[in-house]
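Single-structure report; data block below.
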Amino acid sequence: MKTLIQGGYVVGFNGQEHEIIRDGAVVFENDRILFVGKQYFEPVEKKIEAKGRLVSPGLIDTHFHSGINATDYLLNEPDKPDFFASNYLAHGAPTREGAKHAHLKDVDVGQRFSLIHVLKSGVTTTLEIGGPGADPQPYVEMVGEVGIRCYTGPSYKNVNFHHDREGRLEYDWDDERGVQGLKKAIAFAEKFNGACNGRMHTMLFPGHVDSCTPELLEESRKAAKRLGVRVQIHTTINLIEFHTVMKRYRCTPVELLHRIGFLDPEVSLSHCIFVTGHSWVAYPYGDDVKIIADSGASVAHSPLKYLKLGITMESFDRYRKAGINVGIGTDTFPKDIISEMRYAALGSRVADKSFIAGHPRDVFNAATLGGAKMIGRDDLGRLQKGAKADIAIINLKDIAFGAVRDPIKALVETGTSRDVRTVIVDGEILVDNGKYLRLNEDELLDKVQAKGEEIWSSVPKWHWTGKNVDEVLPLAFKMK
Ligand SMILES: [Zn+2]
């Protein structure tokens, strides 16, 4: 079926860069874009009116973990023991005896909710790190039902992080755990690449630079090359990691990856905040940013996660100007990639002490072309004849926006996920008029609330204090 989207600000791609076509037209048939331009005169079966709206390439989320927001409330706790602002170590690591009660994956409610949540912010492709659990089949089926394009695989590492009953963080090393984890990840990659009618692609996700042995990382890189899949690893995401690697190997996490030959254009680094030159690191040697740029590796930047902790990348513009390909991720809650673009821009301005840093053009490029480059796709992140029909239509005609001169600046400075009206993946409309079409949102939200209550009530079973959730995370105000 041929569908015409007409009348909006179309973000077309001219082969080099995006350009805006005012009152433009986009036509797609099946999973491909047929036409992008000013006017389309041939007959079509369906028309979508986009006047006052931005017709954007579907956005690409380069770092995402599914699960409902219940666990993010725990990670956001401002009164947590510090661990140098490492939220998941401070509030995510369970006691050894309580580990089986913590952060259980829930495919049907939690993971489904989270994928729909991010889809509704205009994300048509997401890199879901460690999505599949011990039994991957139900997860793969759920992703197929949701309809989003998903690059995924199980995450694995040598270390399990635990707290003892005094709140001390401990690393439990186990070489065999890493070997078995990689084996399972390879089996997943082989079995499910191309699943969900081609919308699922597999990747390898070794955990972190300080939670994997160099041998496991080297084996991961070899396996990914053999399988022809991409790799992403959490890199220099907190100061504990920076100092752990420095103590063990006398180099930075980025230098270690470079030393073992891990870095190249098929690899992306999640977060990558604490590099040489970052003010929190106070380490006056080396040039991690240059190492990454020279290698061709990408960085997946999730600014909100760090802003919540009082931290910013230093800086989005510095990485970009050095030649690093940067994508945008949503590694916290809310998973609103439109707001993440704004946070990336503002974070860069604060870090650079410059109001001309973090240009809306550059963060929009990161959320589209940057994400596509990270996964080696020249048919995603752009509206161009022959590209995938992955499209987000975002309303800009609203009191919140007022007069619109530049739709990209308007989107980045003002937009949120709730302005997204239509989301199309592979030519299939999944969100229309702001509603997800494949299930009843109210019913899902009731299940999500119940699941949240269940997760919060499990806190005393795994948290090192043994306290209930209201003691670990006091409410903002007393509630009667
Ligand atoms: Zn992550």
Side-chain angles (χ1 to χ4, degrees), residues 60-76 83-94 102-103 105 110-111 114-115 117-118 121 123 125-133 139 150-161 181 185 202-212 217 220 230-242 244-245 253-254 257 267-275 297-309 311-313 326-337 340 343-344 366-367 371 374-375:
I60 299 175
D61 184 347
T62 58
H63 191 89
F64 165 88
H65 297 274
S66 65
I68 61 172
N69 59 338
T71 41
D72 286 283
Y73 278 114
L74 306 175
L75 298 179
N76 290 345
F83 294 126
F84 306 105
S86 163
N87 63 348
Y88 87 98
L89 293 177
H91 258 282
H103 316 305
K105 277 192 196 302
Q111 293 189 282
S114 202
L115 283 162
H117 171 62
V118 79
S121 80
V123 168
T125 299
T126 190
L127 273 63
E128 146 110 271
I129 287 82
Y139 170 81
C150 188
Y151 280 70
T152 194
S155 181
Y156 53 90
K157 53 192 189 299
N158 297 101
V159 166
N160 271 349
F161 297 106
T202 54
M203 285 181 63
L204 294 186
F205 296 109
H208 320 78
V209 183
D210 67 334
S211 72
C212 296
L217 297 179
S220 298
R230 304 256 155 170
V231 180
Q232 189 173 120
I233 180 170
H234 294 92
T235 303
T236 202
I237 72 172
N238 57 58
L239 279 180
I240 293 189
E241 178 194 342
F242 185 93
T244 301
V245 172
V254 170
L257 292 179
V267 171
S268 50
L269 310 177
S270 330
H271 311 318
C272 207
I273 296 290
F274 296 102
V275 295
S298 297
V299 167
H301 179 34
S302 298
L304 177 59
K305 169 199 168 88
Y306 284 95
L307 290 172
K308 284 178 175 181
L309 297 166
I311 299 165
T312 186
M313 174 182 268
V326 182
I328 303 290
T330 62
D331 183 41
T332 182
F333 198 88
K335 301 177 192 304
D336 174 356
I337 198 162
E340 292 281 354
Y343 301 134
M374 188 181 294
I375 49 178

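All ligand and atom numbering here is 1-based and tracks the order in the structure. Only heavy atoms go into these numbers, but all of them, side chains included; no hydrogens, no water, no symmetry mates. Model, not experiment: these values are computed from the prediction.
Note on the Zn ion (ligand 1): protein N/O/S atoms under 2.8 Å are H63 NE2, H65 NE2, H234 NE2.
Here T330 pairs with D61 under the side chain to side chain donor-acceptor pair (under 3.5 Å) rule; sequence neighbours left out. Shown here are the salt bridge (charged side-chain N to carboxylate O under 4.0 Å, His left out) partners of D331, two or more places apart in sequence or in another chain: K305. Take P154 and apply the side-chain contact (heavy atoms from CB on, under 4.5 Å) test, not counting sequence neighbours, and it matches P132, A185, F188.
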(request) Verify side-chain hydrogen bond (donor to acceptor under 3.5 Å, both in side chains) between E128 and T152, making sure each step is shown before the conclusion. (result) CA-CA 5 Å; E128 146 110 271; T152 194; 5.0 Å; no

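You'll find the side chain of F205 stays beyond 4.5 Å of the side chain of S270, heavy atoms only.
Residue H271 forms a ring pair (Phe, Tyr, Trp, His ring centres under 6.0 Å) with just one option from H301, H234, H208, and that option is H234.
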